[in-house]
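Only a predicted model underlies this, so the values are computations on that prediction, with no experimental measurement involved.
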Amino acid sequence: MEVLYFIFVVFQVLVGVHLILPLILYLLHFKKHDLPARAIGVKEHDYAIIVTAYQQTNLLPSVVDSILKLNYKNYLVYVVADNCDITGLNFNSDKVILLRPEETLASNTKSHFYAVKHFKRDHEYLTIIDSDNLVDPEYLNELNDFFARGFIAVQGVRKAKNLNTDYACLDEAGDMYYRFIDRKLLFDVGSSASLAGSGMAFTTAFYRECLESLNIEGAGFDKVLQMAILDRAKRIAFAEKAIVYDEKTSKPDQLVNQRARWINTWFKYAGRGLKLLVIGLVNLNWNQFLCGLVFSRPPLFIIVGLTGLSVLADLFLMPGMLLFWGFSILSFFLIFFIALNYFKAPTVVYHALRKIPMFIFLQIVSLFKAKRANKISTATVHYHEHKIDEL
């Protein structure tokens, strides 16, 4: 019986540490690691901007329009329209190269490397943008600042372009929380920002080194890429002023399908996070250790669920553990609201928080669909055709 009690305590600590870790990172971030010095006389580097679309093209004119309004000149845009009808698509710019693969790729990385194979010149850097994104005019200038400091991988901010429903607002609230912990705080304490799938940039040579020889099916290419970068003991910078506007999930079925793919990806790659954590301990590498810990962390709704079950059990079995859970839960709420405040969440986001129970319920539904997530859908359907001038 004592052994079972001990195992249960260890289990609770392993769950609770994910609620407390953000507070520890927040306290550590006040002693920031200094960034490397910026190179003197930085030129306007040559970028390939890769925009990927799958089956859906109605948002492409808007994202390309936002790119063409960049306060930057030295770039080309490669639009990869995979399994798309491109009839009527005409961007009327010699900076835009429209590519339609002969065969369906149904893969982010295959689309990226299809673009790479059709580069018109040897671009020093590449950045990846989704078809539902809009790009801030200073995006490339902000990326340049970090490349000028010697970084070879940079993650920007994916900010909501739509807050039209409670679901979209809660999606943005969750993104702000993870953006604060997994990107800002991790980078501030000397580790790496987590990759987000778009709004990220790399030296072209490094991106090819990391992924060109791999065959990645389904969702999660950003997880594979992040692991490849960390395996090489490199840091991913966080450029919080390099902004792309991202469509947030506004409908229940859209949310369920998207989260099912994300949960599937977590189950698929969490073990690699634990491996990285161990490697970081062995190598005494702070970057690898922290990223491994975050990489292996369960989705937030699972942590919340396990926390609730543990608290109920402790009411009868281990009342002393309730102090631990009280501190853990207070730590979570403190950092959650600090994150919303830091990224200036609008009032509508705070009002939507009352719908969190339904948001969690839909993610539980997603959990039961996770095993067949990639068969349900290979891409999120997008609905919001905003222009960059409207944001």
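Under the 4.0 Å criterion applied to side-chain N and carboxylate O atoms, Lys248 and Glu172 are assigned as salt-bridge partners. Salt-bridge check for Asp130 with Arg158: passed, with a basic side-chain N closer than 4.0 Å to an acidic carboxylate O. Ion pairing between a basic and an acidic side chain is recognised when a charged N comes within 4.0 Å of a carboxylate O; Lys184 and Glu240 show such pairing.
Phe368 CZ: 12 or fewer foreign heavy atoms inside a 6.0 Å radius. By the neighbour-count criterion of 12 heavy atoms within 6.0 Å, atom NZ of Lys95 is densely surrounded, having more than that number from other residues, nucleotides or ligands. In the displayed structure, Asn71 atom CG is contacted under 6.0 Å by more than 12 heavy atoms of other residues, nucleotides or ligands.
Neither Leu322 nor Leu14 shares a network with the other; the hydrophobic side chains, linked directly or stepwise wherever heavy atoms of I, L, V, M, F, W or Y lie under 4.5 Å apart, form separate groups for each. Note on Val349 and Val157: separate hydrophobic clusters, where clusters join Ile, Leu, Val, Met, Phe, Trp and Tyr whose side-chain heavy atoms are under 4.5 Å apart, directly or indirectly. Residues Trp266 and Leu274 do not share a hydrophobic cluster, defined by chaining ILVMFWY side chains whose heavy atoms lie under 4.5 Å apart. Linking Ile, Leu, Val, Met, Phe, Trp and Tyr whenever their side-chain heavy atoms come within less than 4.5 Å leaves Ile364 and Leu309 in two separate clusters. Cluster annotation: Val13 and Tyr5 are assigned to the same hydrophobic cluster (Ile/Leu/Val/Met/Phe/Trp/Tyr, side-chain heavy-atom contacts under 4.5 Å, transitive).
In terms of heavy-atom proximity, Val15 sits nearest to Trp325 at CG1-CH2, 3.9 Å. Closest approach of Ser198 and Asn133 over heavy atoms only: OG-OD1, 3.0 Å. Summarising the geometry of Ser366 relative to Leu255, their closest heavy-atom pair is OG-O, 4.1 Å, with the distance given to 0.1 Å. For the pair Gln288 and Ile279, the tightest heavy-atom approach, listed with the atom from each and the gap, is OE1-CG2, 3.7 Å. The two atoms that bring Asp171 and Phe359 nearest to each other are N-CZ, 3.9 Å, heavy atoms only. Counting all heavy atoms, side chain and backbone alike, Gly190 lies closest to Asn287 at O-CB, 4.4 Å.
Here the two rings, on Phe187 and Phe151, have centers that are under 6.0 Å apart.
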Evaluate the ring-ring contact (aromatic ring centres under 6.0 Å, His included) criterion for residues Tyr139 and Tyr72: first the C-alpha distance (whole Å), next the side-chain angles of each, then the deciding distance (0.1 Å), finally the verdict. CA-CA 9 Å; Tyr139 177 69; Tyr72 202 89; 9.8 Å; no
Step by step, work out the side-chain contact (heavy atoms from CB on, under 4.5 Å) result for Gln12 and Met318. CA-CA 11 Å; Gln12 292 183 80; Met318 299 181 182; 3.8 Å; yes
Where do Tyr125 and Asn144 land on the side-chain hydrogen bond (donor to acceptor under 3.5 Å, both in side chains) test, with the steps shown first? CA-CA 10 Å; Tyr125 299 102; Asn144 262 354; 6.0 Å; no
Does the pair Ile129 and Val135 meet the rule for a side-chain contact (heavy atoms from CB on, under 4.5 Å), with working shown? CA-CA 8 Å; Ile129 303 295; Val135 182; 4.1 Å; yes
Go through Phe324 and Ile329 one step at a time and tell me if the side-chain contact (heavy atoms from CB on, under 4.5 Å) criterion holds. CA-CA 9 Å; Phe324 168 78; Ile329 293 168; over 6 Å; no
After noting the C-alpha distance and the side-chain angles of Trp286 and Val189, does the key distance pass the side-chain contact (heavy atoms from CB on, under 4.5 Å) rule? CA-CA 9 Å; Trp286 177 248; Val189 301; 4.1 Å; yes
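Every pair passing salt bridge (charged side-chain N to carboxylate O under 4.0 Å, His left out) that includes a residue from residues 279-305 is listed here, sequence neighbours excluded: Asp182-Arg297. Every pair passing salt bridge (charged side-chain N to carboxylate O under 4.0 Å, His left out) that includes a residue from residues 346-366 is listed here, sequence neighbours excluded: Asp166-Arg354, Asp166-Lys355. Within the structure, the salt bridge (charged side-chain N to carboxylate O under 4.0 Å, His left out) test picks out no pair touching residues 3-30 (sequence neighbours left out). Residue pairs meeting the salt bridge (charged side-chain N to carboxylate O under 4.0 Å, His left out) criterion with at least one member in residues 109-118, sequence neighbours excluded, are Lys110-Glu217.
Side chain of Arg259 to main chain of Leu367: no donor-acceptor pair is present (N/O by atom type, distance under 3.5 Å, no hydrogens or angles).
Side-chain contacts under 4.5 Å among hydrophobic residues (ILVMFWY), followed directly or transitively, place Val3 together with Ile7. Through direct or relayed side-chain contacts under 4.5 Å between Ile, Leu, Val, Met, Phe, Trp and Tyr, Leu284 connects to no other residue.
For Asn83, the side-chain hydrogen bond (donor to acceptor under 3.5 Å, both in side chains) criterion is met by no residue, not counting sequence neighbours. The salt bridge (charged side-chain N to carboxylate O under 4.0 Å, His left out) test applied to Asp314 returns no partner, not counting sequence neighbours. For Glu209, the salt bridge (charged side-chain N to carboxylate O under 4.0 Å, His left out) partners at least two apart in sequence or on another chain are Arg232. Checked against salt bridge (charged side-chain N to carboxylate O under 4.0 Å, His left out), Glu124 has no partners two or more places apart in sequence or in another chain. Qualifying salt bridge (charged side-chain N to carboxylate O under 4.0 Å, His left out) partners for Asp46, counting only residues two or more places apart in sequence or in other chains: Arg121.
A donor and an acceptor atom, one from each side chain of Asn92 and Asn90, are nowhere located under 3.5 Å apart. Side chains of Ser296 and Tyr269: no donor on one and acceptor on the other come within 3.5 Å.
Considering only heavy atoms from C-beta on, Leu68 stays 4.5 Å or farther from Asp65 through its side chain. Here the side chains of Glu142 and Asp136 are not in contact, with every heavy-atom distance at 4.5 Å or above.
No option in Phe221, Tyr78, Phe202, Phe119 other than Phe221 meets the ring pair (Phe, Tyr, Trp, His ring centres under 6.0 Å) test with His112.
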Residues 330-341 side chain polar contacts: donor-acceptor under 3.5 Å, at least two apart:
from: Ser331; atom 1: OG; to: Phe327; atom 2: O; distance (Å): 2.8

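Using a 30° and 60° split on the angle between ring planes, Tyr342 and Phe180 fall in the tilted class, from 30° to 60°.
Cation-pi contact between Arg179 and Phe343: present, with separation from the ring centre below 6.0 Å and deviation from the ring axis of at most 45°.
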